[in-house]
Structures are given as C-alpha cells and as structure tokens.
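Before any comments, here is the structure.
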Amino acid sequence: MGNADFSKPYDPKNTESKIYKMWLDSGYFNPDNLPAQAGLPGKRKKNYVVYMPLPNVTGTLHMGHALDNTGSDILTRYHRMKGLRVLWLPGTDHAGIATQYKVEKELKKEGVSRFDLGREKFVERVWKWKEEYGGIIIEQLKKLGASADWSRSRFTLDEAYAKDVLSAFVHYFEQGLIYRGFRTVNWCPRCGTSLSELELDHKEEKGSLWYIQYPLADTQYNIQNTQYIVVATTRPETMLGDTGVAVNPKDKRYTALVGKKVKLPLTGREIPIVADVKIDLNFGTGALKVTPAHDVLDFEIGQRHNLETLSVINERGKMNERAGEYAGMKTDGARTLIVQKLKDLGFLEKEEPYLHNVSTCERCGHTIEPIPSTQWFLKMETLAKSALKAVKSGKVKIQPKNFQKVYFDWLANIHDWTISRQLWWGHQLPVWFCKNEKDKFTVSIKKPTACFFCKSCPMEQAPDVLDTWFSSALWPFAGLSESDRKKYYPGNFVSNAREILNLWDARMIFSGLEFMGKVPFKDVFVHGTILTKDGKRMSKSLGTGIDPLNYINQYGADATRFAVVWQANGQDIRWDEAAVTAGRKFCNKIWNAARFVIENAPQAGAEKPRSLARKAETVADTRILRKLGKTKKQTERYIEEFEFAKALQNLYDFFWHDFCDVYLEMSKKQLADKKTKESTKVVLFAALEASLKMLHPFMPFVTEEIYQNFRDNGGKFLMTEEW
RNA sequence: GCACCCUUAGUUUAGUGGUAGAACGUCGCAUUCACAUUGCGAAGAUCGUAGGUUCGAUCCCUACAGGGUGCACCA
C-alpha cells in the first residue's frame with residue numbers, strides 16, 4: 001500500500017518521477033520479464049511490437065514526439081494489460097547531416113572547420129557530442145511516461161547496427177541494385193554533400209525570368225523570319241554550361257529548327273536544338289536552354305539526347321574555371337554581370353519579375369545547387385514494387401486511408417535513390433578502391449587484405465557515408481538482436497508524422513521484405529500535425545514552437561498526454577492550451593473520486609463482473625455497472641482502431657458524469673442505508689478499479705499512484721494488471 | 001499545375017439525411033458532507049457562400065471563396 005496524502009490535490013511533480021522509477025525498477029517494460037496475469041495462466045504468448053520513430057540524437061522533445069509517443073504508449077500499455085507480450089522498441093538515429101551540422105556550428109564558434117580537424121578528429125568530436133547530449137530526448141520521453149523497453153535501446157551507429165547496415169549495402173550490391181554513377185544531383189554547397197529529393201525544402205523566392213536570344217548558327221536556316229531562338233531562364237549564369245536547347249516535338253513554332261544549331265551568346269559555342277516531350281509548350285517561349293550539369297531535369301534531357309555535361313559551378317557554389325572571366329565568383333554575382341553583358345550586347349529580349357520555388361537544404365537552409373558528381377544509387381524499381389504490393393495486398397495498412405494515395409504516388413513515380421552523402425558522420429561505404437587503378441573497386445564489409453586489382457596497394461575506403469535513411473530503413477530488424485529477431489519480428493505498429501511516410505515507412509517496408517522476407521508491421525498510423533492555435537506550423541526557428549516539457553513540468557505528464565490525445569481526432573490539430581487545463585482538472589477529479597472510494601469502501605474486494613451484477617441492489621448500481629461494461633467495450637474498440645481521442649472522450653464522459661456526478665452522489669445515500677451499504681461499497685470499488693484500468697493507458701501516472709494506494713495488491717502494478 | 005483534406009458556439013472541436021454534443025472561457029446560484037483544480041444551472045452555432053438532389057441537408061452533388069497538406073516542379 002502506498003501512503004499518498006489524499007487530503008491534498010493531486011501533485012504530479014513528485015508523483016510522476018517516483019512512479020516512473022518504480023516502473024523502471026520493476027523491469028516490466030521488457031517483455032521478457034512480464035508477469036503472468038490472474039486471468040491468463042501461464043506465460044504471455046502473443047506478441048505486440050511497436051516501433052518507436054527514431055528520434056534524432058540532436059533532437060529535443062516537441063509536440064510531434066509527444067503525439068507519436070503518447071499514441072504508441074497507449075497501445076503498448078493497453079496490450080500489456082490485455083496479456084500480450086509487448087515490446088516497444090526505442091532507439092536513436094545518428095541523423096548524419098543534422099548532427100554533423102550541429103557540431104560544425106559548435107566548431108565555428110571556436111573558429112575552426114571540420115576540415116581543420118580532419119575526418120578522424122571530427123568524428124571523435126561528434127561522438128563526444130553524442131555522449132554528452134544524445135540522451136536528452138530519451139530522458140524527455142521518460143518524463144512523458146513512455147513505457148518503452150529502454151534495455152533494448154539502440155543507436156543506429158552502434159556496432160551491431162552498423163554491421164547490418166553495411167551488410168545491407170553488400171547485399172544490394174550483390175543483387176545488382178546498387179550502382180555508381182556520374183549524375184547531376186541536388187547538392188548543398190554549405191554542407192558539401194548530395195541530398196535526396198526528400199531532404200529538400202522549397203522556398204518561394206522573388207526572381208526574374210530572363211528572355212535570351214540564342215542566334216542560329218547558320219542563317220541559312222533562318223525561316224519564319226527569325227534569326228534566333230528565345231529561351232527563358234531564371235538562372236542565366238548557368239548558360240555558360242548550356243549544351244543544348246530543347247523544344248517540345250509537338251511545338252509547331254520550332255519544328256523546322258529541331259536538329260539545327262544555335263550559337264551560345266557570350267561564348268559562341270555551337271549547341272544543338274533537340275526535341276523532348278518534357279518541355280512545356282506554354283511556359284516562357286516553349287524553348288528551354290539545357291544545362292545538364294546544373295539542373296536535374298536538364299540532366300535527364302541531356303542523357304536522352306547525348307548532350308555533354310559541362311559544369312561551370314563548383315561544389316562550393318562558385319563559378320569554376322570553365323566560366324572564364326566569371327571564375328571564382330559566386331553564382332548570383334556572376335548572374336548580375338552576365339545579365340548586364342547580355343543586355344549590352346543586345347541578346348536580352350526582356351526581363352519579367354517571376355516568383356519561383358527555390359530548393360533549399362532541409363538542415364541548413366542553404367540554396368541547393370544541382371551539380372554533377374559521382375554518387376551511389378539504389379535501384380528502386382523492384383523494391384518500390386514490393387512496397388507497393390505490401391500495401392495494396394493489405395499486408396500493411398496505412399491509416400488514415402487517404403495517405404495510401406500519397407504512398408502509392410510516390411512509389412509509382414520513384415527515381416533511383418541517391419544513397420551516398422559526402423559527410424563524415426555516418427556509415428562509411430563498404431567500398432574499397434584500388435589506389436593505382438582509380439576506378440576499380442570492390443565491395444565488402446571488411447577491408448580486403450590485398451588489392452584484387454594491382455595486387456600491391458593497400459586499398460582505400462570510399463569516403464562517402466550512407467544516407468541516414470538507408471540505416472533507419474532497417475530499424476525493425478536491425479534494432480533487434482539476432483535472437484530477438486526470431487522472437488519479435490515482424491512487429492505490429494508504427495505511428496508517425498506524414499512527412500516521413502515515404503522517407504521512412506515505405507523504406508522500412510521494402511527493407512523488411514528484402515531482408516526478412518516479411519513486412520515489418522501491420523499498421524502504419526499517420527497522425528495529424530500539431531499546429532499553433534491560428535493554424536501555423538510550429539517551428540523552433542520561427543518561435544512558434546511549444547515545448548511539451550513546459551506542460552509536463554507545470555501540469556504533469558498525464559495532463560499533457562490528455563491534452564494531446566483529446567485533440568488528436570485525425571485532422572491536424574490547432575493546439576489549444578485549454579485542453580491541458582482540462583487534463584489537469586481531470587487528474588484531480590480522478591484523484592478525489594479515488595479518495596472518496598478509499599475512505600468509504602476500503603478493500604471491498606475484487607469482484608468479477610458477473611458476480612458484481614448479482615451484488616447490485618439498486619437501480620443506480622445496475623445502471624453504473626451496465627454503463628461500465630459498455631464503456632469498456634467501446635474503449636477497446638476505439639483503441640484497437642487507433643481512435644484514441646474518441647476513446648478518451650468517451651472515458652472522460654463516463655468517469656466524470658456517470659460515475660462521479662451520478663453514481664458517486666447516489667452512493668452517499670446508499671452508504672447511509674444499512675440495507676444497501678455493503679453492496680454499494682463493492683460497486684464503488686469495482687467501478688473505480690475498472691475505470692483506473694481503462695484510464696491507465698492514457699493517464700498512467702495518476703492511475704498507478706491511486707492503484708498503489710487503494711488496494712492491498714502485494715506489490716503489483718496497475719501497468720501489468722489484467723485489463 | 002495535379003491530387004487530397006478542412007471551413008460547426010468567444011476559442012478549440014465532435015457529430016448525424018429529420019432542426020447540433022463537448023472542452024476551455026463567460027454569467028448566475030450553491031457550498032463545513034471526495035474534489036473551489038468543485039456542484040447545479042444559464043447564455044452562446046440559421047453548421048464558409050451560392051445553387052442543386054430530396055418530403056426534408058450542417059451532413060449527398062456542383063460551383064465559388066478562404067485555409068492546409070502531398071506530389072510535380074515550369075526552365
């Protein structure tokens with residue numbers, strides 16, 4: 001029995017840390033330690049596995065995490081009480097670019113760059129940073145009450161995990177799915193790395209659309225009274241790298257010009273006019289200058305028409321030596337000068353103001369510069385098909401349903417995945433190059449003892465690391481030990497925000513199928529986004545973010561969880577702080593109702609519902625017991641359908657209005673009457689206990705604290721009691 | 001541009017083919033009896049606009065307006 005002071009209002013602050021410690025000490029977060037339940041003789045047989053969306057080591061708890069993890073915790077606790085062997089698998093993601101950027105910023109304050117330190121020292125430094133700060137988010141999740149099995153927690157750069165990542169690379173390579181290629185890719189000049197399309201942000205920017213005349217190389221072809229073809233561009237500085245002009249084959253204006261040549265203004269280089277279906281007849285003049293080196297679409301067009309890839313911008317976002325007089329200049333500086341020169345020479349037909357979207361680096365916000373470079377790619381065709389099939393066949397359910405469409409669209413139009421990053425923090429590619437024969441390489445987890453090619457050199461590892469998502473895609477099995485894999489794979493559930501549906505969920509699905517032969521989970525639950533009260537995105541940098549820890553510290557984790565769940569009805573949530581107030585009040589209501597029952601019906605015994613019904617003496621007794629039974633069924637149904645808000649609102653209604661307002665008030669009279677006194681005690685006690693159980697997944701702390709005080713339970717936890 | 005979603009009391013929202021339910025806020029009354037972090041009660045919504053289907057629509061259809069999201073990026 002506990003020794004809580006019920007004469008005072010519920011005090012989450014002291015209670016929560018105490019209760020959480022008790023849970024931790026019990027070891028029951030670990031499914032292998034779970035006790036049997038009275039109604040369930042023998043061991044728990046069925047599994048329920050929830051995967052935690054890996055928080056970045058750089059992360060601190062935000063509302064999104066609170067939402068993810070409260071939902072996961074509800075399912076975890078519910079199924080644990082239901083008698084299943086429940087594993088909620090936590091871990092942290094090394095978050096390559098995010099973490100590297102964080103440490104680089106720290107270094108910058110000290111006036112050094114990562115290059116000053118060198119790779120080895122820098123990586124050491126990041127590890128040091130990780131040891132110091134990497135655990136913060138885990139501690140915060142504990143404050144929320146997350147009942148994950150921390151003993152199984154893994155970090156995506158842990159030795160065992162890393163081995164699986166590299167094996168996956170080797171496997172894909174051996175299957176012929178990984179290849180090395182020279183392509184124009186999205187490049188962040190600040191971070192100095194390639195990025196996948198999913199790692200870009202788009203920012204609207206005011207710019208101009210310049211119409212430039214490209215004179216025909218041979219006036220003999222001067223038909224339609226034109227001596228030039230006009231192209232429209234927002235990036236005139238890239239024209240130095242133009243290797244063609246493209247028009248739509250259906251565009252009658254240009255039919256006669258296809259196959260002819262134009263002279264590039266400023267340099268006089270001759271480039272061909274080609275026809276390509278990707279060209280929009282209605283945009284600009286319908287003629288596109290093709291710069292394969294500095295535009296991803298142009299690169300594809302270039303490939304189709306055998307156009308040269310001529311780069312004029314370097315990896316730091318500056319004009320390179322091929323840019324002649326502009327070499328060394330930043331691109332926007334070169335742009336100004338080039339526009340001026342075109343104007344002076346009479347090539348500039350007009351300039352229009354133009355609003356366009358500029359891609360930026362999701363992490364550092366720098367403008368993306370497409371540049372050609374050698375990267376590693378994973379062929380997506382077959383993998384995407386398997387991921388598509390998994391959902392179409394119903395093996396994996398994505399909820400709410402409309403997100404299936406997003407998933408299908410992405411997979412149906414997928415490009416090969418650029419998996420290499422020019423970073424230092426991450427899983428370095430298991431690729432070994434011959435030092436003498438430059439492009440010769442071999443793929444293996446361990447460094448080869450001797451070079452296969454020249455037989456003499458010590459082979460050198462490729463400098464690139466893998467995209468963070470390549471490793472997190474393996475989480476459902478790489479997060480488990482060998483023996484756990486047999487026991488706990490595949491799992492059941494993952495809950496996350498919509499922006500990682502394709503970034504993460506889709507990739508987990510095909511990885512699971514590829515490496516384990518089975519889909520990793522049955523349900524993907526995509527929850528709404530928590531917005532500010534006026535519907536704006538919460539963002540740290542805009543100062544619109546709300547820190548859930550403030551609520552936890554001030555009102556308690558239960559009140560915070562209540563508020564999150566109460567509002568999570570499927571759509572995006574315009575965060576209303578009033579819900580936290582409501583949660584806090586509700587905690588107190590539960591607390592005081594419990595106080596009443598403890599004082600008036602101590603140890604009234606544990607009755608089974610059936611025997612309870614026989615105990616009912618009054619109409620009120622019957623009514624509350626019937627309503628209790630109904631509420632229990634509804635709660636189960638709602639939880640199993642992931643309708644957490646409805647479950648909670650329904651419970652709230654039952655507890656506050658049916659139990660407290662009606663039955664508890666009535667019980668005062670019944671307790672005063674000798675005839676009904678004993679039966680009332682039993683009903684009061686039983687209804688409270690059942691309510692505590694139902695409320696526990698939502699508000700674990702108050703309910704556990706009360707449970708520890710109102711029943712002599714031999715050291716048992718509400719957390720593991722029979723539902 | 002294409003696709004999907006949303007628009008209900010002061011605020012945040014639930015909901016149904018037959019004249020809307022909650023939370024917070026507001027107002028009134030109560031209160032030594034679990035709880036003032038309370039109880040009871042009240043006020044407060046012609047359910048974005050305009051059409052249509054229907055005996056009847058907030059809920060179905062169409063258009064429009066406003067807000068959001070995903071995809072594609074358009075050079």
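Reminder, nothing fancy here: chain letters follow the sequence lines and each chain counts from 1.
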Rounding to an integer number of angstrom, what distance separates [N] and [M] when you compare their [atom1] atoms?
N      : M      : atom1 : value
B:rC71 : B:rU62 : C1'   : 26 Å
B:rA9  : B:rA22 : C1'   : 11 Å
B:rU16 : B:rC55 : P     : 24 Å
B:rC6  : B:rC64 : C1'   : 16 Å
B:rC73 : B:rG67 : C1'   : 23 Å
B:rU19 : B:rA45 : C1'   : 12 Å
B:rC2  : B:rC59 : P     : 26 Å
B:rA57 : B:rG52 : C1'   : 12 Å

Should [X] and [Y] count as an ion pair when the cut-off is N to O under 4.0 Å?
X        : Y        : answer
A:Asp653 : A:Lys627 : no
A:Glu499 : A:Arg537 : yes
A:Asp251 : A:Arg253 : yes

Given that both distances must come in under 3.5 Å, which nucleotide forms a Watson-Crick or G-U wobble pair with [N]?
N      : result
B:rU54 : none
B:rG21 : B:rU13
B:rA3  : B:rU69
B:rA63 : B:rU49
B:rC74 : none
B:rC40 : B:rG28

Legend entry - Side-chain donor/acceptor of A:Glu665 to base of B:rA34, under 3.5 Å: yes
With respect to the phosphate group of [N], does any side-chain polar atom (N or O) of [X] fall under 4.0 Å of OP1 or OP2?
X        : N      : value
A:Lys536 : B:rG68 : no
A:Arg574 : B:rG68 : no
A:Lys8   : B:rU37 : no
A:Trp566 : B:rA22 : no
A:Lys405 : B:rC5  : no
A:Lys668 : B:rA34 : yes

Inset, instruction - Indicate, with a heavy-atom threshold strictly under 4.0 Å, whether A:Leu664 touches base, sugar-phosphate, or nothing. - result: base
